[in-house]
Enquirer: 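Take this structure first; my questions come after.
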Amino acid sequence: MHVLASRLRRLPPSCGPVRLVGVDGHAGSGKSTFAGQLAAALGGAPVLHLDDIASHDELFDWTGRLLREVITPFGRGGTAHYAPYDWHTRRFGPPRALPPAPVVLVEGVGAGRRALRPHLACLLWMDLPREESWARGRSRDGVEQREFWEEWVLAEQRHFAEDPSRPFADVLVRQCRKGYETTSGPAVTPGPDHDITHGDGPAPMC
């Protein structure tokens, strides 16, 4: 994790002064947990959760708002301001400031979408099959979210059918018993420096 963090720091900025790193994968694949650990390894890097950007009415139709509220300000070297969505009250809350930092993680389903990739320094994909991911998500959220999950699965299938992320991932991340295993993603040409690594071993460059 620390080796990957070190290499992310050395990437050139991709959005103004920010190295924007996407953490994508199916719902329930462990993106939030991994992003939290990576953020800690980066010395407390900010994490923008796409659950704060999406809403019941816009499960995936939030690109314009993210570009306007986050990407454009970062591109100018300024502070982003976005209104996080409350999934319980179904309302957007007061604006929250997100200052530019050397590395900012964008975590959530769709973080590697077509419109965002030009602004990313690196795209990480949580490489867990969708059925296994969804089963984990359903177990986590309980029966009270059963109806929402039925809607979500259909929406996610449509999204990735039209705008897949995995083929453009620089790094694939798999959770192991202890830590994570990383390997070069489809966007990286295989080579002797892009082997599967474990724990804090050499991680593939983005």
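Side-chain atoms are counted along with the backbone in the values below, which use heavy atoms only and exclude waters and symmetry mates. Model, not experiment: these values are computed from the prediction. In what follows, residues are counted from 1 in the order of the sequence shown.
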Enquirer: Rounded at 0.5 Å granularity, tell me how far OG in S32 sits from CG in L105.
Expert: 11.0 Å

Enquirer: Check whether any side-chain heavy atom of R19 sits under 4.5 Å from a side-chain heavy atom of P13, and report yes or no.
Expert: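 SC-SC contact between R19 and P13 confirmed.
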
Enquirer: With a 4.5 Å cut-off on side-chain heavy atoms, are V171 and T183 touching?
Expert: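 Side chain of T183 against side chain of V171, heavy atoms only: no contact under 4.5 Å found.
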
Enquirer: Please determine whether residues I53 and L123 belong to a single hydrophobic cluster, defined as Ile, Leu, Val, Met, Phe, Trp and Tyr linked transitively by side-chain heavy-atom distances below 4.5 Å.
Expert: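 Yes, I53 and L123 fall within the same hydrophobic cluster.
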
Enquirer: If you define the side chain from C-beta out and look only at heavy atoms, does anything of T63 sit under 4.5 Å from R113?
Expert: yes

Enquirer: Compare all side-chain heavy atoms of D127 with those of R166 and state whether any distance is below 4.5 angstrom.
Expert: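 Answer yes - side chains close enough.
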
Enquirer: If you look at every heavy atom in G22 and A111, which pair is closest and at what distance?
Expert: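 The pair with the smallest heavy-atom distance is CA-CB, 4.2 Å.
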
Enquirer: Which value, rounded to the nearest 0.5 Å, describes the distance between L154 atom CG and W149 atom CH2?
Expert: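 Answer rounded to 0.5 Å: 12.0 Å.
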
Enquirer: Same hydrophobic cluster for M1 and L128, using side-chain heavy-atom links shorter than 4.5 Å among ILVMFWY?
Expert: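 No, separate clusters.
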
Enquirer: Can you tell me if R76 and T72 form a side-chain donor-acceptor pair at under 3.5 Å?
Expert: no

Enquirer: Angle class for the H159/F60 ring planes (parallel below 30°, perpendicular above 60°, tilted otherwise)?
Expert: parallel

Enquirer: Restricting to side chain to side chain donor-acceptor pair (under 3.5 Å), what partner residues turn up for Q37, sequence neighbours left out?
Expert: none

Enquirer: Run the ring pair (Phe, Tyr, Trp, His ring centres under 6.0 Å) test against Y82 and tell me which residues pass, sequence neighbours left out.
Expert: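 Y82 satisfies ring pair (Phe, Tyr, Trp, His ring centres under 6.0 Å) with no other residue.
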
Enquirer: Apply the test side-chain contact (heavy atoms from CB on, under 4.5 Å) to residues H56 and E151: give CA-CA distance (whole Å), side-chain angles for both, the deciding distance (0.1 Å), then the verdict.
Expert: CA-CA 10 Å; H56 284 90; E151 178 184 358; 5.9 Å; no

Enquirer: Is D57 paired with R90 through a side-chain N to carboxylate O contact shorter than 4.0 Å?
Expert: no

Enquirer: Identify the two heavy atoms, one from R140 and one from G28, that lie closest to each other, and give their separation to 0.1 Å.
Expert: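 Between these two residues, the closest heavy atoms are NH1-CA, 4.1 Å.
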
Enquirer: Kindly compute the distance separating CG (L59) from CG (D51), expressed to the nearest 0.5 Å.
Expert: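 Answer rounded to 0.5 Å: 10.0 Å.
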
Enquirer: Quick check: closest heavy atoms across G77 and P17, and the distance to 0.1 Å?
Expert: CA-CD, 3.7 Å

Enquirer: Any chance you could lay out the side-chain contact (heavy atoms from CB on, under 4.5 Å) test for V18 and V103, step after step, and finish with the verdict?
Expert: CA-CA 6 Å; V18 176; V103 180; over 6 Å; no

Enquirer: Would you check if the distance from the ring center of W87 to the ring center of Y85 is below 6.0 Å?
Expert: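 Close enough - the centres of the two rings lie under 6.0 Å apart.
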
Enquirer: For W152 and E156, does a side-chain donor sit closer than 3.5 Å to a side-chain acceptor?
Expert: yes

Enquirer: Report yes if the side chains of E181 and L172 come closer than 4.5 Å at any heavy-atom pair, otherwise no.
Expert: no

Enquirer: Hey, what do you get for OG (S55) to CZ (R91), rounding to the nearest 0.5 Å?
Expert: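 Rounded to the nearest 0.5 Å, the OG-CZ separation comes to 14.0 Å.
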
Enquirer: Is the NZ or CZ atom of R174 both under 6.0 Å from the centre of the six-membered ring of W125 and within 45° of that ring's axis?
Expert: no

Enquirer: About how many Å separate CG of L124 and OH of Y180, when rounded to the nearest 0.5 Å?
Expert: 11.5 Å

Enquirer: Looking at side-chain heavy atoms only, is the closest gap between K31 and V109 below 4.5 Å?
Expert: yes

Enquirer: Any idea which heavy atoms bring G112 and R117 closest together, and the distance?
Expert: O-NH1, 2.8 Å

Enquirer: Got a donor-acceptor contact below 3.5 angstrom from the T79 side chain to the P99 backbone?
Expert: no

Enquirer: Please name the pair of heavy atoms, one in V23 and one in F34, separated by the smallest distance, quoted to 0.1 Å.
Expert: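 Nearest heavy atoms, V23 then F34: CG1-CD2, 4.1 Å.
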
Enquirer: When rounded to the nearest 0.5 angstrom, what is the spacing between OG in S165 and CZ in R114?
Expert: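 These two atoms lie 9.5 Å from each other.
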
Enquirer: Should L20 and V106 count as side-chain neighbours, where that means a heavy-atom distance under 4.5 Å?
Expert: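 Yes, their side chains come closer than 4.5 Å.
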
Enquirer: Looking only at heavy atoms, which two atoms of V188 and D170 are closest? And how far apart?
Expert: CG2-O, 3.3 Å

Enquirer: Hey, does the side chain of S139 reach the backbone of R136 with a donor-acceptor pair shorter than 3.5 angstrom?
Expert: no

Enquirer: With side chains defined as the heavy atoms from C-beta onward, is the minimum distance between V21 and L120 less than 4.5 Å?
Expert: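 Heavy-atom side-chain distance check fails, nothing below 4.5 Å.
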
